[in-house]
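Okay, so here's the structure we're looking at.
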Amino acid sequence: MSLLIQKRIGNTLLRLKPWVPTSLPTTVIKNLSTVSEQLPEALDESSQEIWNVIVGRVGDRDSEDEVFDRLSNDEACNRVHLSDGLVHKLLHRFRDDWKSALGVLKWAESCRGHRHSNDSFDMAVDILGKAKKWDRMKEFVERLRGDQLVTLNTIAKIMRRFAGAGEWEEAVAIFDKLGEFGLDKNTESMNLLLDTLCKEKRVEQARVILLELKSHITPNAHTFNIFIHGWCKANRVEEALWTIQEMKGHGFRPCVISYTTIIRCYCQQSEFVKVYEMLSEMEANGSPPNSITYTTIMASLNAQKEFEEALRVATRMKRSGCQPDTLFYNCLIHTLARAGRLEEAERVFRVEMPELGASINTSTYNSMIAMYCHHDEEHKAIELLKEMESSKLCNPDVHTYHPLLKSCFKRGDVVEVGKLLKEMVTKHHLSLDESTYTFLIQRLCRANICEWAYCLFEEMISQDITPRHRTCLLLLEEVKKKNMHESAERIEHIMKTVKLTAPVK
DNA sequence: CTAGGGTTAG
């Protein structure tokens, strides 16, 4: 087995092999041992080969120069013709590993015939920002500045990373220096700054800055919508309403976005009377609600388990003549499923969506599959999964498999769990996420196969996914019951060293 | 640079 394959994400089952206990059904063991190499999707054959080489060459703890050297000295890498798309995918692959990302970038730059797109540089800046390597980021941006390669998009990445890390003053400082990058302080760049601050719950600061800049830069309708969102995010709907007035004072008519933002805030406060009042107001004053408005309300009612009420909202929407879209239908199907109206959901899926030209996506299928599983019609769920695979319009994701896996556990069919996991990894190149690991570990423990659960736990750690405290405790208890001393010690060790995620709620 | 799902889980 090559190192390359070991490095791949989602080699869950592969890693299980040495651990598979004899108590597991033989079919499971057989399934686990036949995993083939998975490939990242959407790459053509030659790009795929390059990908494998590069990813295989990049070590875990190397410096950027080591990565660069290794790639430069590799024959296969030197023969490569690099496309922007491939560089983009590589940077994305190393988005959490800035050293490797910079090494790859540097190597790509040195390749004959290759010139980076702005997008690649921006991604590098973003990766450094994500890692909070501020000095390296500034250094990198300086270089870009020299080559006049800094765009407003670059600035956006910098600002958002600073603000996201709580360094909002730095975000403002970048705005102040826009001129140095050959960019203007205008409405567009100001809105970017204000939006960044508002999204990081710094609406007050944004407000102060707007007042400062007002005499130089004219706000537009976007500016006010940004503030409406900012106030709502801070749960200060009074100020948001006040901003609507201010907007009017500046000669801008509040639009469907302005109102929908406020409606969302009312929904979160469960102030549904106010929601409906605002809906009526919108209809009356010529900014009628759209699909997004209605979907927002329905989703919120769903969250409160008010499915019948949510369905009334859908009826109201259809009566209003508003054009439904995919997200609306996904929400509607979800609602119908939760309300136990399977035939109606089927009709929406099979008839209404195609007729009204709403495209069906992964989430649509996921909702239908979850519905069937929930109502013990797994065969229909599996049929839909097959349909998804052959349709080529959309592919399954981890959420597609959750209800299917749950059904297997419910039936006590562990063999099927193994089959499904194998399919996820090999056929669809999916890697398990934190919630899937947590779920599997929990259910495997309950099914008295904590050996398997422990393997997944190890796998999780090796993928740098932090287990929840509760998961550790559960597994530890099970492992102790089975006298798996070594595993128990290891779990205890991990609990001490790894920063554990607090349990949800 | 402005608005929207879901989930496996008591």
Side-chain angles (χ1 to χ4, degrees), chain A residues 152-153 155-157 159-160 175 186-199 206 217 219-230 232-233 240 243 247 252 254-265 267-268 278 282 287 289-303 310 313 317 324-335 337-338 361-371 373-374 397-410 417 432-444 446 468 470-471 474 503-505:
Chain A
L152 193 57
N153 195 33
I155 299 294
K157 305 273 191 225
M159 279 185 182
R160 297 222 188 264
F175 178 79
N186 53 23
T187 307
E188 190 187 6
S189 51
M190 174 183 75
N191 282 351
L192 174 65
L193 173 66
L194 297 175
D195 187 57
T196 304
L197 295 173
C198 283
K199 292 223 165 104
I217 304 173
N220 62 11
H222 283 194
T223 316
F224 294 101
N225 283 337
I226 287 165
F227 275 98
I228 292 170
H229 190 238
C232 285
K233 197 175 168 68
T243 306
M247 196 174 175
F252 298 108
C255 65
V256 59
I257 295 178
S258 326
Y259 291 116
T260 302
T261 306
I262 292 175
I263 281 181
R264 181 173 150 77
C265 190
C267 282
Q268 282 164 348
M278 187 144 281
M282 289 172 81
S287 358
N290 62 17
S291 186
I292 297 179
T293 319
Y294 290 109
T295 308
T296 304
I297 301 168
M298 285 175 66
S300 172
L301 288 166
N302 283 346
V313 172
M317 159 158 162
D325 63 5
T326 301
L327 232 48
F328 166 79
Y329 277 122
N330 291 353
C331 186
L332 176 59
I333 288 173
H334 181 74
T335 313
R338 297 293 303 269
N361 62 21
T362 299
S363 299
T364 321
Y365 273 107
N366 289 357
S367 294
M368 291 296 292
I369 288 172
M371 174 180 81
C373 289
H374 195 252
D397 61 15
V398 275
H399 304 297
T400 314
Y401 282 91
H402 275 153
L404 293 166
L405 289 166
K406 192 197 171 193
S407 292
C408 295
F409 280 115
K410 200 172 158 190
V417 169
L432 308 189
D433 59 3
E434 189 265 347
S435 56
T436 312
Y437 277 120
T438 304
F439 169 66
L440 287 170
I441 290 171
Q442 185 191 318
R443 296 323 268 289
L444 288 167
R446 205 193 287 177
R468 297 178 198 173
R470 200 186 287 179
T471 308
L474 170 72
V504 185
K505 280 172 214 172

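By convention in this document, chain letters (A, B, ...) are assigned in the order of the sequence lines, proteins followed by strands, and residues within each chain are numbered from 1.
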Below the 4.0 Å mark, does [N] have OP1 or OP2 next to a side-chain nitrogen or oxygen of [X]?
X: A:Arg338; N: B:dT7; result: yes
X: A:Lys410; N: B:dT8; result: no
X: A:His222; N: B:dA3; result: no
X: A:Lys199; N: B:dC1; result: no

Among the nucleotides [options], which one has an atom lying closest to any side-chain atom of [X]?
X: A:Ala370; options: B:dA9, B:dG5, B:dT8; answer: B:dT8
X: A:Asp195; options: B:dG4, B:dA9, B:dC1; answer: B:dC1
X: A:Asn225; options: B:dT8, B:dT2, B:dC1; answer: B:dT2

Check your understanding: So, is B:dG5 syn or anti if syn means the angle is within 90° of 0?
Key -> syn
Only pairs under 3.5 Å count here: list side-chain donor-acceptor contacts from residues 401-409 of chain A, not counting sequence neighbours, and write none if there are none.
unit_1   : atom_1 : unit_2   : atom_2 : d
A:Tyr401 : OH     : A:Glu423 : OE1    : 3.1
A:His402 : NE2    : A:Thr436 : OG1    : 2.9
A:Ser407 : OG     : A:Pro403 : O      : 3.2

Exercise for review: Compare all side-chain heavy atoms of A:Asn361 with those of A:Asn330 and state whether any distance is below 4.5 angstrom.
Suggested key: yes
**Study point:** side chain to side chain contact (heavy atoms under 4.5 Å, CB included) against A:Asp325, all qualifying residues, sequence neighbours excluded
**Key:** A:Ser291, A:Leu327, A:Phe328
Exercise for review: Could you check A:Ser363 against A:Asn366 for side-chain hydrogen bond (donor to acceptor under 3.5 Å, both in side chains), going step by step and ending with a plain yes or no?
Suggested key: CA-CA 5 Å; A:Ser363 299; A:Asn366 289 357; 5.1 Å; no
